[in-house]
Amino acid sequence: MAYDHKEIEKKAREKWSGLDLYHSDLTDDTRELYYLLVEFPYPSGDLHIGHWYAFAVTDIYARLLRMRGKNVLFPIGFDAFGLPAENAAIKHGVNPKEWTYENMARMREQLATMGSSFDWSKEVVTCEPSYYQWTQWLFTKLFEHNLAERRLAAVKWCPKDQTVLANEQVVDGACERCGTSVEEKHLTQWFLKITSYAERLLTGLDTLSWREEIKDAQRAWIGKSEGAKLKFSLQFTGGSEQEELQTVSSNLQAVEVFTTRPDTVFGATYVVLAPEHPLVLSLMKKVLNKKDVKKYVSATAKKTERERSENKEKTGVKMEGVSAINPATKEEIPIYVADYVLGSYGTGAVMAVPAHDERDFEFAKKFNLPILETEFADWNTIAEIGGVKTTQYRIRDWLVSRQRYWGCPIPIVYDPEGKPHAIPAEHLPWLLPTDVDFKPTGKAPLASSKELQERVTKIFGEGWTPEYDTLDTFVDSSWYFLRYFDSKNAHNFSNAELMKKWLPINRYSGGSEHTTMHLLYARFFIKVLYDLALVPVDEPFTERFNRGIIMGPDGAKMSKSKGNVVNPDEFVLKYGADAVRIYLAFIGPYNEPRSYPWSLEGVASMRKFLDRVSRLVEKADSKAVSDSLNQAFARTSQKISEDGNRFKFNTSVAALMILVNELEALETVPKSALTQLVIMLAPFAPHLAEHLWEKLGEEGSVHQQLWPVASIITASENEVVVQVNGKRRGSITLTVNGSESDALTAAQVIPAVVAALAGKEPKRVVYVPGKIINLVV
RNA sequence: GCCGGGGUGGCGAAAUUGGUUAGACGCACAGGACUUAAAAUCCUGCGAGGGCUUAAAAACCUCAUGUGGGUUCGAUUCCCACCCCCGGCACCA
């Protein structure tokens with residue numbers, strides 16, 4: 001008979017909360033400590049199948065670890081600030097806070113129904129003042145140490161979300177959230193100086209046992225190139241004003257370029273400036289074809305990033321009346337403005353070497369510029385002509401200002417001169433005002449708050465003004481895993497003693513979309529806090545696993561428009577949470593970011609398996625467990641332990657199935673064997689295991705039991721396969737240290753071997769003890 | 001284009017310090033038992049081809065881990081070349 005999942009699941013959960021089973025005492029270091037972290041969810045409303053995959057499968061590992069006697073920290077919280085709440089607020093006329101808190105309440109319940117073993121006593125919620133007080137405090141630390149800076153810069157702007165974005169949030173020239181093509185704007189914004197940590201973010205990767213593809217993606221994002229900066233002096237060949245102007249502007253003497261190939265400087269036959277290079281503007285008064293240059297520059301400015309990179313056909317315009325001197329050849333060479341050079345990388349100017357660079361070659365062909373095969377310069381020569389070794393990084397500083405409402409207020413005020421000051425700790429949390437109109441207009445919603453201005457005036461005086469922008473939510477999530485140690489602490493962001501005991505985090509499980517966002521930001525944050533002696537480690541995550549994605553039953557990515565969205569609740573209702581959990585574990589390896597189609601029959605079959613286990617328990621007898629059965633259990637328990645360490649739960653489930661198949665073949669099963677089986681089932685199907693535990697008359701909770709570690713008896717004899725010319729012809733049983741001649745003697749009497757040898761003597765014998773003997777004729 | 005990871009039955013996948021018969025475990029499918037019937041459950045089969053015929057079965061044989069080569073007594077595993085898929089980066093000088 002099938003078990004009643006609704007009833008037993010409810011009952012099991014009540015039992016667990018009664019026993020307070022999943023509360024971990026962080027001060028208890030008599031057991032080995034293990035910090036298992038999974039990315040906390042955004043409170044979007046309903047738990048979708050992706051959440052199940054993220055939390056239910058990681059939960060299996062948390063349970064395995066506890067059963068192995070470890071003190072496991074497995075916490076959860078909500079990444080609760082962010083745009084969707086605000087958009088929902090605008091759409092439905094509700095308050096973003098209400099929307100968020102309602103969703104969190106629902107999600108807490110749903111997370112419980114999955115049988116998860118999170119320690120809720122340590123929950124963090126990033127939109128609560130008791131949390132964001134410390135986000136703000138950390139921001140002021142960065143500000144004090146000159147790692148948070150307000151400056152004018154070319155920034156990415158999402159016209160739909162009406163806010164600026166960090167580079168990491170622009171994917172293929174479009175807003176990562178809404179897919180709208182981003183525009184470039186020049187705005188004064190807050191940046192965190194992640195570029196100062198570029199080298200350490202890079203070298204730190206070498207110390208981590210992460211999968212190569214995750215590290216490589218970060219390396220590519222950081223994008224280190226080594227080369228040199230070189231100065232090309234400017235020369236003016238234009239009109240009569242030349243002399244006068246040259247004396248006036250001393251900054252117009254040279255243009256600096258960055259190149260990874262300074263050795264090719266002899267072949268530099270022209271110089272290219274990016275259209276946004278500041279020199280373009282300052283040279284304008286000397287350029288003879290001002291109109292053409294201006295036209296080109298403004299045409300480029302109108303293009304979105306995507307449009308600019310889509311058109312690979314080289315364009316540009318020569319600056320007439322100005323030229324540069326190649327420092328190596330002393331030749332006078334032309335200067336072009338062309339959009340194939342980017343203002344945001346290097347010095348925004350390049351020396352063009354058409355003989356060595358494909359892009360320069362194309363441009364030179366189009367504009368009939370000389371292509372010079374050259375001699376190469378050595379470093380002495382490069383140094384003589386003023387070359388300076390330089391390392392460039394592709395990564396940009398992290399833009400954290402957002403012109404939106406539902407975020408952590410930036411803890412800054414401006415004095416009457418407009419100079420920014422950190423808000424002193426005693427005024428934190430710097431509360432998010434509520435008297436605002438949060439419709440996005442491109443202006444920060446906080447600017448509409450009377451209360452905020454009054455607060456500033458009251459505390460700081462007349463003429464002082466608040467910062468109106470809020471922080472990127474990725475700032476909130478860059479340190480949340482530190483707060484779990486002491487989430488209620490009103491005096492400190494975390495607990496120094498516990499951080500020392502528990503950091504770094506043993507394993508962090510999450511989605512691959514965060515490889516070059518959250519994962520990079522969090523590493524940066526921890527390095528900064530380490531330098532400020534606020535945390536004891538400078539890498540937060542020892543191991544990282546990116547999980548895969550669950551696709552629709554048709555194998556395509558789930559989407560409402562395709563109508564292939566799977567709702568986990570349906571399946572939980574029909575088959576129970578345990579069946580859904582075990583199905584997600586079985587679907588494929590969890591240690592690689594592959595994608596797996598959801599199979600309706602697959603979930604049903606897992607329920608059948610669980611029913612079989614539950615029927616098996618009816619067959620209990622009081623006999624002793626046979627040696628061979630003991631061995632089967634030992635193999636299974638060892639296999640599951642090993643697979644768990646690698647996050648390969650698919651083969652763990654298979655091992656359980658094999659064991660169950662074996663037990664089913666018996667008339668009756670020793671009760672103690674069933675007890676062991678139920679213990680091993682517990683991490684995968686926690687509710688059913690609890691139910692069967694009681695049914696077997698056992699005391700306490702199955703989740704308080706230790707993982708069975710029977711040792712596998714090494715056999716004294718093993719089977720050795722006999723091959724003739726690499727083909728299996730039979731097998732022999734030999735003692736473990738049987739010699740080659742023993743093996744050969746035994747092999748040569750097997751009829752099939754005799755037949756295959758056909759009277760010939762083996763030319764060669766390959767003997768691998770315990771495995772194989774191959775006779776080659 | 002560059003970097004990384006992959007390509008195994010109808011499907012999800014097992015097995016790689018080279019070693020037994022590739023495809024564990026499960027899904028789907030087919031046949032059977034039980035049942036008045038169905039559901040549920042249980043049993044059997046299930047890479048391809050040959051053997052093979054009127055039909056069925058077995059022994060046995062050949063081929064088969066993207067394609068083509070190579071190394072080796074032995075290759076899904078190692079090497080070379082190519083094709084395809086996924087992810088990252090990309091006019092980054």
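A, B, ... follow the sequence lines: proteins, then strands. Residue 1 opens every chain.
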Check the distance between [N]'s [atom2] and [X]'s [atom1] and give it to me in whole angstrom.
X: Leu584(A); N: rC27(B); atom1: CG; atom2: C1'; answer: 15 Å
X: Phe609(A); N: rG26(B); atom1: CZ; atom2: C1'; answer: 11 Å
X: Arg646(A); N: rA14(B); atom1: CZ; atom2: C1'; answer: 11 Å
X: Arg728(A); N: rA22(B); atom1: CZ; atom2: P; answer: 10 Å
X: Lys763(A); N: rU72(B); atom1: NZ; atom2: P; answer: 14 Å
X: Glu592(A); N: rG4(B); atom1: CD; atom2: C1'; answer: 13 Å
X: Asn167(A); N: rC89(B); atom1: CG; atom2: P; answer: 11 Å
X: Ile549(A); N: rC85(B); atom1: CD1; atom2: C1'; answer: 15 Å

Mark yes or no for whether [X], through its side chain, and [Y], through its backbone, hold a donor-acceptor pair below 3.5 Å.
X: Arg547(A); Y: Phe545(A); result: no
X: Arg211(A); Y: Asn591(A); result: yes
X: Tyr590(A); Y: Ala54(A); result: yes

Discussion item. Quick check for you: to the nearest 0.5 Å, what is the distance between Lys215(A) atom NZ and Thr207(A) atom OG1?
Written reply: 7.5 Å
Side chain of [X] - closest among [options]:
X: Arg594(A); options: rU21(B), rG12(B), rA13(B); result: rA13(B)
X: Ala220(A); options: rC25(B), rC42(B), rG88(B); result: rG88(B)
X: Arg764(A); options: rA90(B), rU72(B), rG19(B); result: rU72(B)
X: Ile587(A); options: rC91(B), rU41(B), rG12(B); result: rG12(B)
X: Arg612(A); options: rG26(B), rU20(B), rC89(B); result: rG26(B)
X: Phe586(A); options: rA93(B), rG26(B), rA14(B); result: rG26(B)
X: Met606(A); options: rG26(B), rA24(B), rU41(B); result: rG26(B)
X: Trp221(A); options: rC89(B), rG19(B), rC61(B); result: rC89(B)
X: Ala654(A); options: rA15(B), rA90(B), rC25(B); result: rC25(B)
X: Thr259(A); options: rA93(B), rC89(B), rA14(B); result: rA93(B)

Fill in: 5' priority, RNA chain B, between Lys771(A) and Glu601(A) [closest heavy atom]
Lys771(A)
Worksheet item: Pick the nucleotide of RNA chain B nearest each of Gly346(A) and Pro593(A); which residue has the one closer to the 5' end?
Response: Pro593(A)
Pick base, sugar-phosphate or nothing for [X], based on heavy-atom distances below 4.0 Å to the nucleic acid.
X: Arg396(A); value: nothing
X: Val776(A); value: sugar-phosphate
X: Asp216(A); value: sugar-phosphate
X: Gln723(A); value: base
X: Leu342(A); value: base
X: Val341(A); value: base
X: Phe258(A); value: base
X: Lys224(A); value: nothing

Taking only the [atom1] atom of each, what is the distance from [N] to [M] in whole angstrom?
N: rA58(B); M: rG47(B); atom1: P; answer: 12 Å
N: rG70(B); M: rA75(B); atom1: C1'; answer: 11 Å
N: rU8(B); M: rU67(B); atom1: C1'; answer: 15 Å
N: rU65(B); M: rU76(B); atom1: C1'; answer: 5 Å
N: rG26(B); M: rA14(B); atom1: C1'; answer: 11 Å
N: rG5(B); M: rA57(B); atom1: P; answer: 46 Å
N: rC78(B); M: rU20(B); atom1: P; answer: 15 Å
N: rG87(B); M: rA93(B); atom1: P; answer: 25 Å

Fill in: Pair Arg612(A) + Glu664(A), salt bridge at N-O below 4.0 Å
yes
Test the [X]-[Y] pair against the cation-pi criterion, namely NZ or CZ under 6.0 angstrom from the six-membered ring centroid and within 45° of the ring axis.
X: Lys229(A); Y: Phe258(A); result: no
X: Arg607(A); Y: Tyr583(A); result: no
X: Arg581(A); Y: Trp52(A); result: no

Worksheet entry | Tyr53(A)/Trp598(A) under side-chain contact (heavy atoms from CB on, under 4.5 Å): CA gap, chis, key distance, verdict | CA-CA 11 Å; Tyr53(A) 197 44; Trp598(A) 179 266; over 6 Å; no
Worksheet entry | Non-hydrogen atoms of Asn725(A) and Asn774(A) that approach each other most closely | N-OD1, 3.4 Å
Should [X] be listed as having a side-chain N or O under 4.0 Å from OP1 or OP2 of [N]?
X: Lys648(A); N: rC25(B); value: no
X: Tyr345(A); N: rA93(B); value: yes
X: Lys608(A); N: rC27(B); value: no
X: Ser512(A); N: rG88(B); value: no
X: Asn661(A); N: rC25(B); value: no

Worksheet item: Is the number of heavy atoms from other residues, nucleotides or ligands under 6.0 Å of Lys574(A) NZ greater than 12?
Response: no
Discussion item. Are more than 12 heavy atoms, taken from residues, nucleotides or ligands other than Asp206(A), located less than 6.0 Å from that residue's CG atom?
Written reply: yes
Worksheet item: Should rG9(B) be called syn or anti, with syn set as within 90° of 0?
Response: syn
Worksheet item: Syn or anti for rU53(B), taking syn as within 90° of 0?
Response: syn
Worksheet item: Just the dot-bracket of RNA chain B, please: which string comes out with Watson-Crick or G-U pairs under 3.5 Å, [ ] for crossing, | for another strand?
Response: (((((((..(((......[.....))).(((((.......))))).((((.........))))..(((((..]....))))))))))))....
Discussion item. Ignoring hydrogens and geometry beyond distance, is the side chain of Lys314(A) in donor-acceptor contact with the base of rC91(B) at under 3.5 Å?
Written reply: yes
